[in-house]
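The block underneath contains the structure these notes are about, expressed in structure tokens.
Throughout, a chain's letter reflects where its sequence line sits, starting with A, and its residues are numbered from 1.
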There are 2 protein chains.
Amino acid sequence: MQQDNGNHREAMSHVVRKLSARFPLNPVDANAVLDVPASLRWHEPGTHLVREGEEPRDYCSMVVSGLALRQKTTSSGQRQIISIHVCGDFLDAQHLFLERADHTVEALTRLRVVEFSRTSLRAVALSRPNVGRALWTEALSEASIFREWVLNVGARKAPARVAHLLCEIALRFEGAGLGSRDAFHIPMSQEQIGDAVGLTPVHVNRTLKGLSADGLIERDGRSIRIRNWERLQTAADFNPLYLHLQETTRDQFTPLKAGA
Amino acid sequence: MQQDNGNHREAMSHVVRKLSARFPLNPVDANAVLDVPASLRWHEPGTHLVREGEEPRDYCSMVVSGLALRQKTTSSGQRQIISIHVCGDFLDAQHLFLERADHTVEALTRLRVVEFSRTSLRAVALSRPNVGRALWTEALSEASIFREWVLNVGARKAPARVAHLLCEIALRFEGAGLGSRDAFHIPMSQEQIGDAVGLTPVHVNRTLKGLSADGLIERDGRSIRIRNWERLQTAADFNPLYLHLQETTRDQFTPLKAGA
DNA sequence: CGGCGCCTTGACGCTTGTCAAATGGTGTGG
DNA sequence: CCACACCATTTGACAAGCGTCAAGGCGCCG
């Protein structure tokens with residue numbers, strides 16, 4: 001973990017932009033958010049930002065660049081990835097008003113975050129209705145993704161599960177400026193993909209090969225090109241409604257400067 | 001759907017009690033909630049209170065008695081139950097700030113709810129910090145349950161999945177005054193249990209028989225007695241942390257009058 | 001050059017799904 | 001009171017999907 005020397009208000013300007021994309025903030029709202037103590041930080045891949053079972057620290061984070069993921073593990077060590085996060089996502093919104101972490105948040109790639117005071121953000125979220133509403137939308141959209149993942153791992157067969165993950169990543173990466181929906185790079189091993197869809201790495205491999213053989217996708221290492229979006233979406237039973245992408249009032253969030 | 005003739009403030013008093021259990025409300029908070037337009041209503045089993053794909057109506061509900069569930073279905077008609085709800089649960093908190101429903105909420109049994117104005121509750125949630133905090137806690141605790149269910153259907157084998165569902169129901173029913181953790185009644189068919197844990201009804205049957213044969217539970221129709229809570233919990237890999245039961249400041253919620 | 005991840009492939013086995021039929025309880029109508 | 005239909009549960013035989021184990025290939029880095 002490595003702290004930048006940038007100033008606090010500049011760091012929180014990322015957060016203001018993101019929240020404004022969810023729900024318009026007036027200057028007073030924006031200033032309240034800007035006043036939250038914050039800094040920019042790097043985390044190396046594999047770093048745990050939140051640990052299951054611990055009390056949340058006072059610092060919580062929003063992704064500026066890189067990818068993060070939520071995960072839980074069974075007592076036998078079997079890992080399940082619960083969601084994947086791109087720039088603009090709040091990694092601690094799910095614990096903002098809970099006193100003990102029920103899952104772990106980990107950096108998937110080299111990760112740049114705005115790290116800000118949990119107590120202060122909580123206070124702003126409760127005292128400024130527009131900020132509260134933006135954060136509510138954010139937290140509820142995430143919860144919607146959890147629900148879709150229950151459906152995905154609980155009710156779909158292997159090819160549909162993997163295809164569904166690809167569709168979600170395609171749209172979310174596109175929304176975060178990480179590629180187009182037709183061509184993107186997944187910085188995950190097949191073992192990690194398996195942990196996300198509830199399959200073994202061996203079966204993920206077979207399934208990806210199958211999707212290639214059917215002409216739905218094309219692979220080059222961890223780069224994916226979607227050959228036929230319509231057919232992939234059908235195979236995946238993918239309906240983007242659950243992402244609540246239209247719950248954004250203006251444009252999507254992208255950080256002010258590349259910054260990474 | 002059938003409306004009671006009781007007055008509005010009496011209906012909302014259930015909501016005040018529930019919210020106070022999550023976070024203490026002062027008299028001003030309580031009055032703001034009591035002023036939300038509301039009524040008590042019955043729903044018959046199978047009724048859909050929220051429908052996937054629709055815009056939420058202005059009325060949303062909190063359970064007073066009976067059980068409800070959230071579900072989604074794949075395009076092939078495969079159903080997945082996402083969560084089960086007891087008295088005190090808000091059935092629309094997950095859509096409170098979203099403009100389109102991403103899943104369906106259905107009455108599992110005959111269901112009595114407080115039905116209140118969504119717009120008004122939203123306003124109170126944003127303008128009164130204590131109410132907002134109580135609702136946040138409620139919504140985030142639910143999201144935590146979704147995450148555990150992703151783990152359950154994605155990473156556990158059939159016996160553990162079913163056992164885990166039993167453990168959760170045991171604790172939640174106990175918390176809602178619907179039985180003790182050692183003996184309760186599950187008003188679900190084995191097909192519905194299968195839809196909750198991602199198994200076929202036939203395999204649920206075999207699995208339940210297995211749990212009985214191992215001496216973990218005892219069944220009489222849909223009544224369950226837990227013979228050995230420790231061993232069941234171990235078999236289920238059940239850790240109640242994710243229910244965030246301790247996030248309740250005072251006692252649990254139970255409606256003022258039996259009312260059903 | 002050698003070692004180490006990760007991906008790939010094949011053979012095999014177990015868990016779970018599918019199909020089908022029997023059992024049993026419950027409510028209804030004769 | 002019995003006959004019947006209906007539904008959920010139970011059971012068995014079989015099939016299929018996915019997991020497990022193991023070996024080989026490839027790229028990358030020391």
Apply side chain to side chain donor-acceptor pair (under 3.5 Å) to [X] and list each qualifying residue two or more places apart in sequence or on a separate chain.
X	value
A:Arg222	none
A:Arg231	none
A:Asn205	A:Gln190

_ring-ring contact (aromatic ring centres under 6.0 Å, His included) contacts touching residues 206-227 of chain B (sequence neighbours left out)_ =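 For residues 206-227 of chain B, and leaving out neighbouring residues, there are no ring-ring contact (aromatic ring centres under 6.0 Å, His included) pairs at all.
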*Could you pull out all residues at least two apart from B:His164 that satisfy ring-ring contact (aromatic ring centres under 6.0 Å, His included)?*
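ring-ring contact (aromatic ring centres under 6.0 Å, His included) check on B:His164 returns B:Phe238, B:Tyr242.
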*asked:* Going by the rule salt bridge (charged side-chain N to carboxylate O under 4.0 Å, His left out), which residues pair with A:Glu191 if we only count those two or more places apart in sequence or in a different chain?
replied: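 Expected list: none.
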*Are A:Arg100 and A:Glu54 within salt-bridge range, i.e. N to O under 4.0 Å?*
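Salt bridge between A:Arg100 and A:Glu54, a charged N being under 4.0 Å from a carboxylate O: no.
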Mind listing the side-chain donor-acceptor pairs of residues 195-204 of chain B below 3.5 Å, one per line with the distance, residues two or more places apart or on another chain?
from: B:Asp195; atom 1: OD2; to: B:Arg79; atom 2: NE; distance (Å): 3.0
from: B:Asp195; atom 1: OD2; to: B:Arg79; atom 2: NH2; distance (Å): 3.4
from: B:Thr200; atom 1: OG1; to: B:His203; atom 2: N; distance (Å): 3.4
from: B:His203; atom 1: ND1; to: B:Arg206; atom 2: NE; distance (Å): 3.4

_side-chain hydrogen bond (donor to acceptor under 3.5 Å, both in side chains) partner of B:Glu138, the single match among B:Lys18, B:His244, B:Gln94_ =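 When side-chain hydrogen bond (donor to acceptor under 3.5 Å, both in side chains) is applied between B:Glu138 and each of B:Lys18, B:His244, B:Gln94, only B:Lys18 qualifies.
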_4.5 Å side-chain heavy-atom contact, B:Ser144 and A:Phe146_ =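 With C-beta onward as the side chain, the pair stays apart.
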*Which salt bridge (charged side-chain N to carboxylate O under 4.0 Å, His left out) pairs, counting each pair once, include a residue from residues 139-156 of chain A, with sequence neighbours left out?*
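Residue pairs with at least one partner in residues 139-156 of chain A: A:Arg70-A:Glu142, A:Arg147-B:Asp102, A:Glu148-A:Arg156, A:Glu148-B:Lys72, A:Arg156-A:Asp237.
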_Outermost nucleotides of DNA chain C that come under 4.0 Å of a non-hydrogen atom of chain B_ =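 The contacted stretch runs from C:dT16 to C:dC19.
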So which protein N/O to nucleotides 20-30 of chain D N/O distances come out below 3.5 Å?
from: D:dT20; atom 1: O4; to: A:Arg206; atom 2: NH2; distance (Å): 3.3

*Do any of residues 209-224 of chain A sit with a heavy atom less than 4.0 Å from DNA chain C, and if so which?*
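Within residues 209-224 of chain A, the residues near DNA chain C are A:Lys209, A:Arg219, A:Arg222.
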*Which residues within residues 189-199 of chain B lie with some heavy atom under 4.0 Å of an atom in DNA chain C?*
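Close to the strand are B:Gly198, B:Leu199.
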*Write down the distance between CZ (A:Arg156) and P (D:dG17), rounded to a whole number of angstrom.*
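Taking atom P of D:dG17 as the reference, CZ of A:Arg156 is at 18 Å.
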*asked:* Using a 6.0 Å cut-off, check whether atom CZ of B:Arg181 has over 12 heavy atoms from anything other than its own residue.
replied: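 Yes, because the 6.0 Å sphere around CZ of B:Arg181 holds more than 12 heavy atoms from other groups.
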